[in-house]
Peer 1: 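I have a structure I would like to understand better, so I am pasting it below and will then ask my questions one at a time.
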Amino acid sequence: MKDKCRPATRALHSGYDVRQNLGARAVPIYATTSYVFQDTQEGADLYALKKPGFLYSRLGSPTVSVLEERLAAYHGAAGGLCLASGSAANSLLLMSLTDPGQNIVASPQLYGGSSTLLQHTFRRLGLGVRFVDLNDEEALRAAIDDQTSAVFGEGVANPSGYILDLEKVAAVAHEYGLPLIIDNSAAPPPLLNPFDYGADLLTYSLTKLIGGHGTHLGGAILEKGDFDWGRTARHSKYLNAPDPTYGGLNFWEHFGRPNYQRGQSQVVCHKIRLDLLRNFGPTLSPFGAHEFLLGLETLPLRAQKQAESAQIVARHLAGHPKVAWVNYSGLPDSPIFELAQKYFHGLPGAVFGVGLKGGFEAAVRFIDHLELWSHLANILDARSLVIHPASTTHQQLTPEERAKAGAPDDLIRLSVGLEAVEDLLEALDSALAKV
Ligand SMILES: *Cc1c(COP(=O)(O)O)cnc(C)c1O
């Protein structure tokens, strides 16, 4: 019943049964590392995957499992896997789908950590990357070859705010038998559900809007469940081959093929849990999962309110005499305004960039005089946040390199929180008066 309800209801109820938890209304934190086997047969069956259940909390635990099921239900997905951070979600997912010698076709407009992962860490492991504007269909087709394993981008990019034309990108990826993977950290539903537009797998930094209160790091992989991993040879070495660590089990034949036509395949999540999560170990703790369950309960309200306030702040700044530009795609003069209308009904999240007429020096003075907004390296806390990338996260680069990375010297990144928007505007005006 509860999984047939609307997403806001699922965010509160899915994946949890009070009767199996002594009637506890809130989801309990299962603070235990391990689970007692009833007898040796049960232990053997659990290890052989003949019986579902918990063994050891690196692989999964009841509190984390509620979060996984609830996130999946909230997105209309078949399954989910939670991890210790958004970075772990991106690395494990992309690594699981790509063999050495293969390549990932990725948008250049990515979170800085993801660019570094692809360009440096993965290259060392022999996993290639080709950066190309995914909205440029010709360039996208030219970048894909028979060694490409996946297409990867962000729903709304952090920090550039770039929006992918998901329907078109998904259509091209699927034509080549490739999955479309979207890091949707900056715009979870109700802002955007990329599964509605053809995405096959999502990743999240739960640290951001889903947690929503800046208290814990976490990540998630969500699997829509209808992708045919047996269609081409690209993914055959890993997903569609005997796995020597599970007695020769073929994950695709066992978990995927019988279920994907009903949209119920969780083969990628199962495989990563039982291989990369088991062996690398970036587990989300039950305490973290509890924080994210609380965040998820109010996500629909917070996301809507923060996105509405962001629009008010963006409009206000666009009309201010000391502001040179505002990079917010909900404004009619944005080059991607149409995409913001199509995918976000005009409310493309709560993070955007602004530049002041006085450039680098003005940005520094503005931030030093800005009250109420916290100057730090995070986005989408309930509190409003600000950062000047050129003097902090991107200070080691030359001005030219910064511009290429989407962080020009005058860029100030704002993340709009839940404060009374009038207070936010007054704080901005007062700082602007001092630059
Ligand atoms: C923050 C962020 C990440 C990394 O997440 P962590 O939880 O900090 O590891 C990945 N992708 C995007 C888009 C992000 O904003």
Side-chain angles (χ1 to χ4, degrees), residues 64 67 71 80-95 104 106-122 129 131 134 150 152-164 166 180-189 191-192 194 199 201-222 276-277 280-285 287-289 291-292 295-296 299 303 306-307 310 344 348-353 376-381 385-387 389 392-394 405-407 411 413-417:
V64 176
L67 177 62
L71 282 169
L81 174 67
C82 287
L83 297 159
S85 69
S87 305
N90 281 329
S91 16
L92 265 52
L93 177 59
L94 292 168
M95 207 186 295
I104 297 154
S107 166
Q109 311 267 358
L110 293 178
Y111 170 70
S114 302
S115 303
T116 313
L117 170 75
L118 292 165
Q119 287 192 64
H120 299 282
T121 314
F122 275 6
V129 59
F131 289 111
L134 303 183
F152 177 62
E154 293 181 6
V156 54
N158 170 19
S160 71
Y162 195 61
I163 296 173
L164 294 180
L166 291 172
L180 175 61
I181 302 172
I182 296 296
D183 178 340
N184 202 38
S185 301
L191 301 176
L192 173 71
L201 289 151
L202 302 186
T203 58
Y204 278 107
S205 168
L206 300 173
T207 318
K208 313 293 167 55
L209 194 52
I210 293 180
H213 298 79
T215 58
H216 214 96
L217 269 91
I221 297 168
L222 301 180
L276 297 180
L277 173 58
F280 287 157
T283 302
L284 178 64
S285 79
F287 298 92
E291 297 280 276
F292 296 127
L296 187 55
L299 171 66
Q306 286 180 241
F344 292 89
V351 178
F352 63 91
L376 52 72
N378 188 23
I379 53 169
L380 297 167
D381 193 319
L385 313 175
V386 63
I387 198 164
T392 56
T393 52
H394 291 64
L411 169 72
R413 185 183 71 189
L414 299 175
S415 168
V416 179

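In each ligand, atom 1 is the first atom listed, and ligand 1 is the first ligand listed. We're numbering straight along the sequence, starting at 1.
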Peer 1: How far is atom 5 (O) of ligand 1 from the closest protein heavy atom, and which atom is that?
Peer 2: S205 OG, 3.0 Å
Peer 1: For a side chain to side chain contact (heavy atoms under 4.5 Å, CB included) check, start with the C-alpha distance between N184 and L222, then their side-chain angles and the critical distance, and finish with the verdict.
Peer 2: CA-CA 10 Å; N184 202 38; L222 301 180; over 6 Å; no
Peer 1: Pick one: which of R413, E154, Q109 meets side-chain hydrogen bond (donor to acceptor under 3.5 Å, both in side chains) with S160?
Peer 2: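 For S160, the side-chain hydrogen bond (donor to acceptor under 3.5 Å, both in side chains) check succeeds only for Q109.
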Peer 1: Side chains of L376 and D381: closer than 4.5 Å at any heavy-atom pair?
Peer 2: no
Peer 1: If you measure every N/O of I379 against every N/O of ligand 1, is any gap under 3.5 Å?
Peer 2: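 No, I379 has no N/O under 3.5 Å of an N/O on ligand 1.
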Peer 1: Can you name the atoms of ligand 1, numbered from 1 with element, that are less than 4.0 Å from a heavy atom of G218?
Peer 2: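 Once the distances to G218 are compared, the set is 7 (O).
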Peer 1: So, using ring-ring contact (aromatic ring centres under 6.0 Å, His included) as the criterion, who are the partners of F352 when residues are at least two apart?
Peer 2: Y328
Peer 1: Looking only at protein heavy atoms, identify the closest one to atom 7 (O) of ligand 1 and say how far it is in Å.
Peer 2: T207 OG1, 2.6 Å
Peer 1: Give the residue, atom name and distance (to 0.1 Å) of the protein heavy atom nearest atom 4 (C) of ligand 1.
Peer 2: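 Its nearest protein heavy-atom neighbour is Y111 CE2, 3.4 Å.
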Peer 1: To check you understand the geometry: which heavy-atom pair defines the closest contact between A350 and Q306, and what is its length?
Peer 2: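 Closest heavy-atom pair between A350 and Q306: CB-O, 3.6 Å.
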Peer 1: Do F122 and V129 make a side-chain contact, defined as non-hydrogen atoms from C-beta onward lying under 4.5 Å apart?
Peer 2: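 A side-chain contact under 4.5 Å is absent here.
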Peer 1: May I ask you to identify the nearest protein heavy atom to atom 12 (C) of ligand 1, giving residue, atom name and distance to one decimal place in Å?
Peer 2: D183 OD2, 3.4 Å
Peer 1: Report yes if some N/O of E154 lies less than 3.5 Å from some N/O of ligand 1; otherwise report no.
Peer 2: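 Between E154 and ligand 1, no N or O pair is found under 3.5 Å apart.
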Peer 1: For L93 and F152, run side chain to side chain contact (heavy atoms under 4.5 Å, CB included): C-alpha distance rounded to whole Å, both residues' side-chain angles, the deciding distance at 0.1 Å, then the answer.
Peer 2: CA-CA 11 Å; L93 177 59; F152 177 62; over 6 Å; no
Peer 1: So which protein heavy atom does atom 2 (C) of ligand 1 come closest to, and at what separation?
Peer 2: K208 NZ, 2.4 Å
Peer 1: Answer with yes or no whether A88 contacts ligand 1, where contact means a heavy atom under 4.0 Å from a ligand atom.
Peer 2: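 No, that is not the case, since the closest heavy atom of the residue is not under 4.0 Å from the ligand.
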Peer 1: Within the 4.0 Å heavy-atom shell around G86, which atoms of ligand 1 are there?
Peer 2: 5 (O), 6 (P), 7 (O), 9 (O)
Peer 1: Within a distance under 4.0 Å of any heavy atom of S185, pick out the atoms of ligand 1 and give their elements.
Peer 2: 11 (N), 12 (C), 13 (C)
Peer 1: Specify the protein heavy atom at minimum distance from atom 9 (O) of ligand 1: its residue, its atom name, and the distance to 0.1 Å.
Peer 2: S87 OG, 2.7 Å
Peer 1: With a 4.5 Å limit on heavy-atom distance, are the side chains of L71 and L206 in contact?
Peer 2: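 Side-chain contact under 4.5 Å: yes.
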